[in-house]
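Everything below concerns the one structure shown next.
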Amino acid sequence: MSCNHLDGLKPIAPQSSGCEECLRSGMKWVHLRLCLSCGHVGCCDSSPGRHATAHARDTKHPVMASFQPGERWAWCYVDEQQLPVPGPFEPYLR
Ligand SMILES: [Zn+2]
Ligand SMILES: [Zn+2]
Ligand SMILES: [Zn+2]
């Protein structure tokens with residue numbers, strides 16, 4: 001089985017420079033994830049807030065990419081599968 005959740009997604013600029021929810025509530029994050037559907041920046045599952053996973057669950061946006069400097073991978077929550085980052089999204093990663 002292969003993931004087709006990247007189909008039709010258009011590159012979109014990150015909406016914040018840190019986890020949106022953590023910035024609002026003064027929480028700390030460990031790593032950041034970028035939603036490839038809407039540009040939401042959320043924190044990883046090692047962070048207290050786990051806001052990237054919460055965002056995927058609440059919005060049904062399927063694919064998050066690592067928003068860590070130099071890291072290039074994406075994750076589909078629906079297929080639970082790691083994906084390569086599509087070229088057009090590269091400029092928006094760190
Ligand atoms: Zn998928
Ligand atoms: Zn967070
Ligand atoms: Zn999203």
Side-chain angles (χ1 to χ4, degrees):
M1 244 178 50
S2 70
C3 168
N4 59 6
H5 291 97
L6 287 169
D7 293 357
L9 290 186
K10 298 218 165 45
I12 178 165
Q15 304 299 297
S16 52
S17 56
C19 172
E20 214 172 293
E21 286 84 357
C22 285
L23 286 174
R24 248 199 318 261
S25 57
M27 290 169 72
K28 287 190 164 56
W29 60 78
V30 180
H31 290 147
L32 294 172
R33 307 286 179 250
L34 173 68
C35 174
L36 297 188
S37 297
C38 71
H40 172 271
V41 178
C43 54
C44 72
D45 285 353
S46 304
S47 311
R50 299 182 177 187
H51 290 120
T53 296
H55 176 79
R57 190 183 58 224
D58 294 348
T59 60
K60 304 273 193 289
H61 291 164
V63 187
M64 309 284 149
S66 173
F67 198 49
Q68 292 303 117
E71 282 191 14
R72 291 293 179 270
W73 54 267
W75 177 259
C76 177
Y77 280 94
V78 178
D79 297 305
E80 300 191 315
Q81 187 180 322
Q82 190 167 320
L83 308 167
V85 173
F89 287 90
E90 282 261 356
Y92 295 110
L93 301 179
R94 289 171 161 177

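All residue numbers in this chain count up from 1 along the given sequence. Read the numbers this way: they start at 1 and go in the same order the structure lists the ligands and their atoms. Values in this document were obtained by computation on a predicted structure and should not be read as measured data.
The ND1 atom of H61, the Zn ion (ligand 3) and the SG atom of C38 define an angle of 110° (nearest 10 degrees). The angle C43:SG - the Zn ion (ligand 2) - C19:SG amounts to 120°, with values rounded to 10 degrees.
At distances below 3.5 Å, at least one donor-acceptor pair connects side-chain atoms of Q15 with backbone N or O atoms of A13.
Among the heteroatoms counted here (N, O or S) of D79, OD2 is the one nearest to the Zn ion (ligand 1). For H55, the N, O or S atom with the smallest separation from the Zn ion (ligand 3) is NE2. The Zn ion (ligand 1) is closest to atom ND1 of H5 (considering only N, O or S atoms). The Zn ion (ligand 2) lies closest to atom ND1 when only the N/O/S atoms of H51 are considered.
Annotation: the span from H55 atom NE2 to R33 atom CZ amounts to 14.0 Å, rounded to 0.5 Å.
Contact of the R94 side chain with the S17 side chain is registered, since non-hydrogen atoms from C-beta on lie closer than 4.5 Å.
Of the residues D7, I12, L6, the one that meets the side-chain contact (heavy atoms from CB on, under 4.5 Å) test with L9 is L6.
Applying the 6.0 Å contact sphere to CD of Q82 captures more than 12 heavy atoms from other residues, nucleotides or ligands.
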